[in-house]
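What follows is one structure encoded as structure tokens, with my remarks underneath.
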Amino acid sequence: MKTSQGWRLGMKEMQILSAPRQRAQLKKPTWIIVLVSLVSLFLICAYVYPPQGSGACYVFSLNGCKGLSDWLPPAPARDLTDEELASHVVTNEILNTPPIVPENPKIAFMFLTPGALPFEKLWDRFFQGHEGKFSVYVHASKDKPVHFSRYFVNREIRSDKVVWGKISMVDAERRLLAYALKETDNQHFILLSDSCIPLRDFDYVYNYLMYTNISFVDCFEDPGPHGSGRYSDHMLPEVEKKDFRKGAQWFTMKRQHALAVMADSLYYKKFKDYCRPNMEGNRNCYSDEHYLPTFFHLLDPNGISNWSVTHVDWSEGKWHPKSYVRKDITFELMRNITSISENVHVTSDARKEVQISPCLWNGNQRPCYLFARKFLPETLDNLLQLYLNYTSI
């Protein structure tokens with residue numbers, strides 16, 4: 001544009017020159033037009049086909065070594081299917097409706113266990129003195145547990161068989177949410193296993209969860225075989241591979257998100273049908289690791305933390321996390337876990353990329369974890385002895 005403006009300015013100046021001199025320069029505009037055309041063609045080619053891997057990329061293109069697609073208008077989004085449109089309308093209505101805060105908001109503690117709860121005595125100490133601020137729900141998939149704490153008596157819900165890695169795990173989570181949602185005072189919902197222990201006292205946990213506006217759902221993108229490698233094209237068009245996410249199943253969830261999960265049938269069915277063990281191509285997909293992370297990534301990505309407040313140690317690099325035994329339980333171990341303020345994800349591809357991000361609570365970096373899991377029953381006595389010390393760190 002600047003070149004053509006310069007040319008027009010030159011023409012105006014030439015018009016005021018004397019006639020003999022104007023006649024002598026009549027051929028110059030032709031050469032200038034040819035020169036400008038060649039330069040323009042060269043620059044257009046440099047933008048569209050920049051030389052890759054060269055410093056010249058940044059001489060000819062402000063965007064560096066990028067092709068035409070990077071500066072063309074984005075392609076229009078695809079039309080939603082009828083099922084997607086209905087799902088999005090319902091979910092948005094739930095999330096955008098201001099919550100009705102009861103006079104006595106509670107936290108629902110939902111225990112997913114095959115039978116006994118070996119740390120009931122520890123949880124009993126955690127709950128003491130805070131009656132009226134919590135509710136307890138137990139999903140015992142195999143054996144009805146014998147309880148040692150009054151807070152757990154008669155708190156079992158109707159339970160069904162749970163098979164590790166199958167959709168029945170997600171079914172049990174949704175069943176717990178459904179029972180807990182029946183009590184309108186319950187405003188936040190925590191999923192815990194039989195090997196989980198509290199890392200903080202009750203007041204700390206209550207304030208941490210009640211005075212923030214997000215759900216603590218683990219979610220990250222793993223391009224490796226144990227992440228996107230589990231994706232199936234049968235999930236299209238509603239779930240694209242670029243949106244497939246992974247995360248630990250142990251969540252805490254605000255009431256609006258719990259209602260959205262219960263209202264969902266579209267994405268649940270996709271994972272029920274196409275994310276399971278022993279799929280085509282000898283692939284294994286575990287819906288409890290992918291359904292909720294993908295669901296919230298698609299429908300409310302800014303409403304979740306992308307990390308779990310339940311600590312687990314994967315440092316051994318095995319299929320299952322480290323299990324803590326009696327000799328492991330020291331004040332130093334508990335202090336180290338409760339002091340962690342960054343969450344870590346590691347991809348399963350050949351690069352083993354380590355993704356580290358701060359644990360932010362209302363925009364401020366805080367310790368990440370309220371609970372920890374994979375403690376064996378033999379650790380109970382040591383944990384009871386240390387409880388007052390490590391929960392007050």
Side-chain angles (χ1 to χ4, degrees), residues 87 90 106-120 123 134-149 151-184 186 188-196 215 217-218 230 232 234-235 246-253 255 257-279 284-296 308 310 312 319-321 371 373-374 377:
S87 176
V90 171
K106 295 181 180 180
I107 294 178
F109 290 80
M110 308 181 304
F111 291 86
L112 182 58
T113 175
L117 289 167
F119 296 104
E120 260 193 45
W123 285 106
F134 66 91
S135 304
V136 172
Y137 302 87
V138 179
H139 185 291
S141 59
K142 291 183 179 179
D143 303 314
K144 181 178 175 63
V146 176
H147 297 297
F148 300 93
S149 167
Y151 302 119
F152 288 82
V153 174
N154 297 325
R155 299 309 300 170
E156 292 88 0
I157 68 168
R158 179 185 63 80
S159 305
D160 206 346
K161 183 180 179 181
V162 174
V163 179
W164 181 84
K166 293 191 175 182
I167 196 66
S168 58
M169 186 76 76
V170 175
D171 293 337
E173 296 172 8
R174 288 163 60 100
R175 194 174 297 119
L176 280 163
L177 283 173
Y179 274 85
L181 281 166
K182 290 167 63 177
E183 187 170 345
T184 56
N186 289 334
H188 211 97
F189 304 79
I190 306 171
L191 182 68
L192 300 158
S193 76
D194 55 311
S195 68
C196 281
S215 294
V217 177
D218 192 22
R230 296 172 175 173
S232 170
H234 293 298
M235 291 187 175
K246 180 181 179 179
Q249 73 178 106
W250 310 104
F251 60 77
T252 82
M253 194 177 293
R255 188 174 183 89
H257 279 157
L259 287 168
V261 170
M262 296 309 304
D264 173 55
S265 60
L266 171 64
Y267 297 99
Y268 166 79
K269 190 173 188 305
K270 289 286 182 180
F271 282 85
K272 179 180 180 180
D273 292 342
Y274 305 118
C275 182
R276 60 184 188 273
N278 302 316
M279 295 181 65
N284 292 311
C285 185
Y286 306 112
S287 51
D288 58 284
E289 295 182 4
H290 297 285
Y291 166 57
L292 288 180
T294 303
F295 175 75
F296 283 113
S308 170
T310 299
V312 69
W319 277 101
H320 296 284
F371 314 102
R373 62 184 297 266
K374 297 303 286 185

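Index from 1, following the sequence. Hydrogens, waters and symmetry mates are skipped; everything else that's a heavy atom, side chains included, is used.
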Where H290 and T294 come nearest, the two heavy atoms and their spacing
O-OG1, 2.8 Å
Could you tell me if the side chain of W123 sits less than 4.5 Å from the side chain of L192, heavy atoms only?
yes
If only atom types and distance count, is the side chain of S287 paired as donor or acceptor with the main-chain N or O of F271 below 3.5 Å?
no
Do R174 and Y291 touch side chain to side chain, with heavy atoms closer than 4.5 Å?
yes
E289 and C275, any side-chain heavy atoms less than 4.5 Å apart
no
Throw together a table of side-chain donor-acceptor distances under 3.5 angstrom for residues 246-253, partners on residues two or more places apart or in other chains.
from, atom 1, to, atom 2, distance (Å)
K246, NZ, H226, O, 3.2
Q249, NE2, E173, OE2, 2.7
T252, OG1, H188, NE2, 3.0

Identify the two heavy atoms, one from N284 and one from R230, that lie closest to each other, and give their separation to 0.1 Å.
O-CG, 3.1 Å
What distance separates S195 OG from L117 CG, expressed to the nearest 0.5 Å?
10.5 Å
Side chains of V261 and F295: closer than 4.5 Å at any heavy-atom pair?
yes
Any side-chain to backbone donor/acceptor pair from R276 onto I167? Under 3.5 Å, distance only.
no
Do W164 and D288 touch side chain to side chain, with heavy atoms closer than 4.5 Å?
no
From I107 CD1 over to I190 CD1, what is the distance, rounded to the nearest 0.5 angstrom?
5.0 Å
Heavy-atom nearest pair, M110 first then A180, reads SD-CB, 4.1 Å
Taking E120 for the side chain and H147 for the main chain, is one N or O donor matched with an acceptor at less than 3.5 Å?
no
D218 vs P293 side-chain heavy atoms within contact, under 4.5 Å:
no
For K106, what residues pass the side-chain hydrogen bond (donor to acceptor under 3.5 Å, both in side chains) criterion, not counting sequence neighbours?
E183
Nearest heavy-atom neighbours spanning V90 and A263:
CG1-CB, 4.0 Å
Flag, side chain of S232 to backbone of H234, donor-acceptor distance under 3.5 Å:
yes
Test item: M169 and L112 side chains (from C-beta on) under 4.5 Å apart, heavy atoms:
yes
Could you tell me which residues satisfy ring-ring contact (aromatic ring centres under 6.0 Å, His included) with F152, sequence neighbours excluded, listed by chain and number?
F111
Does H139 reach the side chain of V162, with side-chain heavy atoms less than 4.5 Å apart?
yes
Report yes or no: does S159 contribute a side-chain atom to a donor-acceptor pair with the main-chain N or O of A140 at less than 3.5 Å?
yes
Between D194 and T113, which heavy-atom pair has the shortest distance, and what is it?
CB-OG1, 3.3 Å
